[in-house]
Amino acid sequence: MAQVIGVPKEVFPGEKRVATVPEVVEKLAKLGFSVIVESGAGAAATIGDAAYEAAGARIVPDAASLWAGADIVFKVRAPAASEVAMMREGQTLVSFVWPAQNPDLMQQFAAKKATVLAMDSVPRISRAQKCDALSSMANIGGYRAVIEAAHEFGRFFTGQITAAGKVPPAKVFVIGAGVAGLAAIGAASGLGAIVRANDTRAEVADQIKSLGGEFVPVDYQEEGSGVGGYAKVMSEGFQKAQREVFAKQAREVDIIITTALIPGKPAPKLITAEMVQSMKPGSVIVDMAAEQGGNCELTEPGKVVTKHGVIIIGYTDLPSRLPRQASNLYATNLFRLAEELCKAKNGEFLVNMEDEVIRGTTVVKEGAITWPPPPPKLSAAPAAAPAQAAAKPAAAEKKGHGHGGGGEPMSAGGTALLFGGAALLFALIGAFAPAAFLGHFTVFVLACFVGYMVVWNVTPSLHTPLMSVTNAISSIIIIGALVQIAPPGVAGEAARPDGVIRWLAVTGIALTAVNMFGGFAVTRRMLSMFRK
């Protein structure tokens, strides 16, 4: 039997987002679900009840009716106590939950024997990107942070030269180059500001530069990447060097935007009161980590305050300040998760704990708390490289003692025997095979060798553009088809192949032409992505 998805009106003060939009209601119906929406749920995001009804949803008058009639509830914010009280036993909830910060709420879910999927716990792996609501909201938050800073700042972002005088461009310093930080860098650069940015992960430097920013490094060597693409807690030595860099930037820039957060931990204090005091009067700080305590010591969550002549913005609802856009993206994330949970398209959720994405997102399963999940499986394990390197001398030592074994490097005698056998095979082929076959076979062997070496020696990150180029280059096989249509050195009737060969060659030419031009077209489009 098809399940009913319910979308209540958010009760958190000031929350304007809604968990689904009319466009997504239609898509959920195609998966077999029925959708009910509380009256007025989308009003703050400028979505009326009539739009939901036109998309196929049924409007219910109040929250009690919705919680009573829904098998699955889609929400934005974690449920309030009043909403938990309305939950039915065995109900499924999909929303932001923040299990590490809300242990009491997790116990309440368990008491209701509920199944809860937390959108803040979606694994940071490639296959789960379409469900990654944290990134969607961080993208909006980073953009909105720049807009809020521009609203409070007393000048243009871009530099101007007018008859009334010269206006210098604003200088913006972004701390943290995750999704939110990169969105802020792009928005500030687009407004014409001079943008600088810092992150503990050195690998993001190229991303910062590609968006028009300048990477400001810390003169201290330490790896800053943590699990799942997040930053990790750094050593005291690194933090001291980092504070010196931030203090220098605070004296120079007009706007600071901080985005530094580590999952499950309070926001690190990066901007001290002394740094704020050293900033120019009228400067602005936007603390995007305000909800978790803030990156600035003087931040007051949810408020805009002025300290030492510096405006400090501590809004905790930046994505909600673009409610329609945020609702669209969040609703799409929920729909993509629903696709994973309802692959049969029969209107029923199947919480498959063997699926890595579903397992990581599920924090309560039928009353049993399943959070935290096991660590994500990594496709590569850099830490294993030293062990492999250390194993090589051991293998060499074994070989020196005359011991054989599977997986060890081939001895010099074995290599010579292999090449000798291959040479004998080629000699036999050359002695007995037709001359034409020998020529084609030689080209085939060389092509295999060259192709293998080309792909093997290219870093995996370049394999996609490499394949598009090699697809085009490999279209040299079109020459073979042309030769079959008109063999070289033969004139007259003898030059004409029979009908079957001719049409096979023509078909080969057509397909190869698609491969050739398509390869270069794909390469061109991929390269254009890296051009500003």
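- Contact check on K307 versus E300 returns a salt bridge, with a Lys/Arg side-chain nitrogen under 4.0 Å from an Asp/Glu carboxylate oxygen.
- Listed for the S39 side chain is no donor-acceptor partner under 3.5 Å among the backbone atoms of I59.
- No side-chain N or O of T272 forms a donor-acceptor pair with one of E297 less than 3.5 Å apart.
- A donor atom on one side chain and an acceptor atom on the other are found under 3.5 Å apart for D132 and S135.
- Counting heavy atoms from C-beta on, the side chains of L182 and Q207 come closer than 4.5 Å.
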For this session: Check the pair Y52 / V7 against side chain to side chain contact (heavy atoms under 4.5 Å, CB included), numbers first and verdict last.
Result: CA-CA 11 Å; Y52 284 112; V7 181; 5.6 Å; no
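- For the pair R196 and F173, the cation-pi criterion (under 6.0 Å, within 45° of the ring axis) is not fulfilled.
- Counting heavy-atom neighbours within 6.0 Å of K113 NZ, excluding the residue itself, gives a total of 12 or less.
- Closest approach of T316 to P301, counting heavy atoms only: CG2-CB, 4.2 Å.
- In terms of heavy-atom proximity, G69 sits nearest to I36 at C-CD1, 3.9 Å.
- At a cut-off of 3.5 Å, with distance as the only test, a side-chain donor of S65 or D62 sits close to an acceptor on the other residue.
- Residues V364 and T362 have side chains not in contact (no heavy-atom distance under 4.5 Å, counting atoms from C-beta outward).
- Salt-bridge formation is detected for the pair K75/E83: a Lys NZ or Arg NE/NH1/NH2 atom is positioned less than 4.0 Å from an Asp or Glu carboxylate oxygen.
- Salt-bridge formation is not detected for the pair K27/E23: no Lys NZ or Arg NE/NH1/NH2 atom is positioned less than 4.0 Å from an Asp or Glu carboxylate oxygen.
- Side-chain contact between I140 and L318 is absent, with no heavy-atom pair separated by less than 4.5 Å.
- For the side-chain contact (heavy atoms from CB on, under 4.5 Å) criterion with T20, the lone passing option out of L28, T332, L334 is L28.
- Aromatic ring orientation, W98 versus F96: parallel (interplanar angle below 30°, classes split at 30° and 60°).
- A salt bridge links E148 with R321: the closest approach of a Lys/Arg side-chain nitrogen to an acidic carboxylate oxygen falls below 4.0 angstrom.
- Between the D287 side chain and the N295 main chain, a donor and an acceptor come within less than 3.5 Å of each other.
- Side-chain contact between V195 and K171 is absent, with no heavy atoms from C-beta onward closer than 4.5 Å.
- The pair D317-K16 does not meet the salt-bridge criterion, since no charged nitrogen lies less than 4.0 angstrom from a carboxylate oxygen.
- At a cut-off of 3.5 Å, with distance as the only test, no side-chain donor of S283 or D254 sits close to an acceptor on the other residue.
- Interatomic distance, S278 OG to R251 CZ, rounded to the nearest 0.5 Å: 6.0 Å.
- Classification of R359 and D355 as a salt-bridged pair fails, no side-chain N sitting under 4.0 Å from a carboxylate O.
- In this structure the side chain of V304 reaches within 4.5 angstrom of the side chain of I311, judged on heavy atoms.
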